[in-house]
There are 2 protein chains.
Amino acid sequence: MATRTHAPTRREQILKEAARLFAERGFHGVGVDEIGAAVGISGPGLYRHFAGKDAMLAELLVGISGQLLTGAKRRLQEAEAEGGGNPGTPGVSGASGALGVPVGPEAEAVLDSLIEGHIDFALDDRPLITLHDRELDRLRDSDRKLVRQLQRQYVELWVEVVREVYPGLAEPAARSAVHSVFGLLNSTPHLGRPGSLPGRAATATLLRRMAKGAFAAAGA
Amino acid sequence: MATRTHAPTRREQILKEAARLFAERGFHGVGVDEIGAAVGISGPGLYRHFAGKDAMLAELLVGISGQLLTGAKRRLQEAEAEGGGNPGTPGVSGASGALGVPVGPEAEAVLDSLIEGHIDFALDDRPLITLHDRELDRLRDSDRKLVRQLQRQYVELWVEVVREVYPGLAEPAARSAVHSVFGLLNSTPHLGRPGSLPGRAATATLLRRMAKGAFAAAGA
DNA sequence: CAGGGAGGTTAGCGGTCGTTAACCTGAGGG
DNA sequence: CCCTCAGGTTAACGACCGCTAACCTCCCTG
């Protein structure tokens, strides 16, 4: 929450409006003139800020994936520090590597935290969540590889935590379960315009309960 | 399952390939030449079968929505007949109207059946499931209205059944829960190509368990 | 007070795309 | 045996779109 308290720069305005338009009508369905018009300038003026239309999409998608992954890593480390957890055993789940996943009851708290973070993101940046799994194929190869790598790390982080909480889940099943819960949490754009919702807090609570219930049912 | 045992006609070939391409690269990202090439003819030959590119998308989306709704209605009626259920009380849930929803334990069986049907569809027609909630806005107004109406009926049918199974759920919460479970079930396109999956039956079982777990958690 | 760069503008080019026009062909029926 | 017509073909048109070129105009700074 401590990010970005300054006034939004032009670039940020453009990215925000571009995200909204891309989410509404698809990358190919939006012209650069429309993006420009949405921020008060028109057409080719955008090229003072971005190399091209592709570059806007790339920056959006890389930003989303990175933000999700960074937040998840932060939450995992916070839980690790808070729990005082096992300084000598950075990883218990076999050949996993990059990050130490807490064990036992602490793992469940981490999973809750991951769910909470993803819900916040899905509710606060609905256009971005839409783009994130819809327009990936419109990227240049190098950008697409980068985004895919970030997404994969994010998924793997969830999978490790989920398997710690539900040891009965085999790895492929856990991965499928994680993707399915992402589908559940990312359904917020379909829940009607923000106003027909029963309130943000109530929606978040419902989503959290459903996600936990889905995981629990998967791990039975 | 009894539908379409005959050899596929040209129109059906075209629709199938168009659905795949639209799902892969988006409606605006696919040219008519590519669609034609996918069925062995090239470019404008498609116009012997469809009025235009828009018409293909419209037929696909209307077909999907109608198929989902029809299947759901059929399952509801089958359960009604099988349960022998309450011929004098066609509807117990207040001012609902079009269809009689069974009460009590029968309702849970109906919900299971709805989940089963949706999973079958999501696993068998992944491109269509993708299009269904992605390219709706590219339709002409009249077609879009029709599709929206069919989708809304489908959702309402689920909502009625869910509220019968979990009477504690208020209507807006039930609607959100239904949309979220759709998100969960429609996540199959993200589960990797059909082959990296742990097998269709295992995937279906996992999805079914998670959907039921999510509903149960929502209705607590 | 020059001057230079940041951030706009409009005109226009080149390519792509959906669609139409005009033409061809092979199979079935009177 | 011709005629028709379903189902193709290629050529081409018009619109649109991403992007560049050329130019303008403040504002800030030495």
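Reminder, nothing fancy here: chain letters follow the sequence lines and each chain counts from 1. Only heavy atoms go into these numbers, but all of them, side chains included; no hydrogens, no water, no symmetry mates.
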Choosing from [options], which nucleotide comes nearest the side chain of [X]?
| X | options | result |
| --- | --- | --- |
| B:Arg48 | C:dC23, C:dT10, D:dT10 | C:dC23 |
| A:Ser42 | C:dT9, D:dA11, D:dT9 | C:dT9 |
| B:Lys53 | C:dG18, D:dA21, C:dG7 | C:dG18 |
| B:Val32 | D:dA11, C:dA11, C:dG18 | C:dG18 |
| A:Tyr47 | C:dT9, D:dG18, C:dT20 | D:dG18 |

How long is the line joining CG of A:Leu46 and P of D:dT20, in whole Å?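 One finds 13 Å between P of D:dT20 and CG of A:Leu46, rounded.
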B:His28 NE2 to D:dG18 C1', straight-line distance once rounded to whole Å: 16 Å
Just call it for [X]: base, sugar-phosphate, or nothing, with non-hydrogen atoms closer than 4.0 Å on any strand.
| X | result |
| --- | --- |
| B:Gly43 | nothing |
| B:Val39 | nothing |
| B:Gly45 | base |

Side-chain N or O of A:His49 less than 4.0 angstrom from OP1 or OP2 on C:dA6?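 False: A:His49 side-chain N/O out of range (4.0 Å or more) of C:dA6 OP1/OP2.
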Would you say A:Arg10 places a side-chain N or O within less than 4.0 Å of OP1 or OP2 belonging to C:dG8?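 So the side-chain polar atoms of A:Arg10 do come within 4.0 Å of the phosphate oxygens OP1 or OP2 of C:dG8, strictly under.
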Checking salt bridge (charged side-chain N to carboxylate O under 4.0 Å, His left out) between A:Glu116 and each of A:Arg75, A:Lys212, A:Arg208, which is the one that passes? A:Arg208
Between B:Asp141 and B:Arg148 (salt bridge meaning N to carboxylate O under 4.0 Å), is one present in this structure?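 No.
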Any side-chain donor-acceptor pair under 3.5 Å between A:His118 and A:Asn186?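 A donor-acceptor contact under 3.5 Å links the two side chains.
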Does the side chain of A:Thr9 pick up a donor-acceptor pair with the side chain of A:Arg11 at under 3.5 Å?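 No - no donor-acceptor pair under 3.5 Å links their side chains.
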